[in-house]
Amino acid sequence: YPPARKSRASPTTVIFATTETMITSEHLADIIFCVLNGVALLVCLAAAILVVALRLHRKIVYRLSLYQVLAGIAFATVQTLQIVFLNYDDKSPRVYARLCIAIGFLVLYTQWIKVFFATCATFHLFCFAILYKNLKKLEALYVVTSLLVPALFAIVPLITHSYHYAPPGC
């Protein structure tokens, strides 16, 4: 029999290794992902502070933009928290199982919140710019819809136990 050939492509490449830790290319990608979301979180926080400091939140268009920024803050926070799962241990899945499912729910929920706030802002701007109607009265409906309807979408996988493990380390 000919000797077995070694595969040239390995699923993970070791970037840094000591006796205590090992950082693979997969972990490095997760670390970069979390760091970039941390930067996005800081940018969104700065934008929200500027909107409030400059008192732009008095106009509905700026408030709709502020809601979108706040949704971005929530999403970036949840994504940044996924760095906790880099040390996920396959031998004790009970430790992280519920936390992984909770993070999976929060990721999906915050994604849908962003989509709904963007949809409401687009609808409002369309009505204002094209139809020349000012729909200030609908702001409360925008907020309630954008916070409650995404919960319906995000809770379905929770009820059907189909979340599995969403974060990268899970």
Side-chain angles (χ1 to χ4, degrees), residues 26-88 93 95-170:
E26 196 173 282
H27 281 109
L28 186 62
D30 292 340
I31 290 170
I32 291 171
F33 177 74
C34 290
V35 167
L36 290 176
N37 276 298
V39 170
L41 174 64
L42 293 175
V43 169
C44 287
L45 280 172
I49 290 169
L50 280 174
V51 167
V52 173
L54 297 175
R55 299 174 197 227
L56 296 174
H57 61 281
R58 293 180 181 172
K59 294 184 178 181
I60 187 167
V61 175
Y62 291 112
R63 279 196 306 272
L64 291 174
S65 298
L66 182 63
Y67 298 145
Q68 185 71 0
V69 167
L70 293 174
I73 289 172
F75 180 70
T77 302
V78 171
Q79 294 287 41
T80 304
L81 288 177
Q82 291 185 24
I83 202 162
V84 171
F85 297 101
L86 288 182
N87 292 326
Y88 178 73
V95 175
Y96 285 105
R98 291 183 190 262
L99 195 55
C100 285
I101 291 171
I103 292 289
F105 170 79
L106 288 174
V107 166
L108 189 60
Y109 180 63
T110 55
Q111 285 174 341
W112 277 107
I113 286 175
K114 285 180 60 166
V115 168
F116 271 84
F117 272 125
T119 303
C120 290
T122 304
F123 173 75
H124 184 82
L125 292 173
F126 173 78
C127 289
F128 184 73
I130 305 298
L131 303 177
Y132 303 109
K133 300 215 181 223
N134 195 358
L135 304 173
K136 279 186 177 179
K137 325 175 246 204
L138 293 180
E139 183 180 0
L141 180 66
Y142 294 156
V143 173
V144 170
T145 301
S146 297
L147 293 176
L148 294 181
V149 174
L152 297 175
F153 291 118
I155 206 161
V156 169
L158 190 64
I159 292 171
T160 60
H161 302 291
S162 58
Y163 261 119
H164 304 292
Y165 300 116
C170 291

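Computed from a prediction, not measured in an experiment: that's the story for all the values here. For this chain, numbers begin at 1 and follow the sequence in order.
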Output side-chain donor-acceptor pairs under 3.5 Å for residues 145-157, partner residues at least two apart or in another chain, one line each.
residue	atom	partner	partner atom	Å
Thr145	OG1	Leu141	O	2.7
Ser146	OG	Tyr142	O	2.8

side-chain contact (heavy atoms from CB on, under 4.5 Å) involving [X] - partner list, sequence neighbours excluded:
X      : result
Thr110 : Ala74, Phe75, Val78
Leu56  : Val51, Leu54, Tyr62
Ile32  : Leu28, Leu36

Please output the side-chain donor-acceptor pairs of residues 64-72 that fall under 3.5 Å, not counting sequence neighbours, one pair per line with the distance.
residue	atom	partner	partner atom	Å
Ser65	OG	Val61	O	3.1
Tyr67	OH	Glu139	OE2	2.6
Gln68	OE1	Ala118	N	3.2

Evaluation steps, side chain to side chain contact (heavy atoms under 4.5 Å, CB included), between Phe126 and Leu131: CA-CA 7 Å; Phe126 173 78; Leu131 303 177; 4.0 Å; yes

Any chance you could measure [X], atom [atom1], to [Y], atom [atom2], to the nearest 0.5 Å?
X      : Y      : atom1 : atom2 : result
Leu41  : Leu81  : CG    : CG    : 9.0 Å
Leu45  : Ile73  : CG    : CD1   : 4.0 Å
Ile113 : Leu108 : CD1   : CG    : 10.0 Å

Whether Tyr109 and Phe105 hold their rings parallel, tilted or perpendicular, with breakpoints at 30° and 60°: parallel

Full working for side chain to side chain contact (heavy atoms under 4.5 Å, CB included) between Val107 and Gln82: CA-CA 10 Å; Val107 166; Gln82 291 185 24; 3.2 Å; yes

Sequence neighbours excluded - salt bridge (Lys or Arg N to Asp or Glu O under 4.0 Å) pairs with any residue from residues 108-128: none

Steps toward side chain to side chain contact (heavy atoms under 4.5 Å, CB included) verdict (His124, Leu138): CA-CA 9 Å; His124 184 82; Leu138 293 180; 5.9 Å; no

Trace of the side chain to side chain contact (heavy atoms under 4.5 Å, CB included) decision for Phe128 with Ile60: CA-CA 11 Å; Phe128 184 73; Ile60 187 167; over 6 Å; no

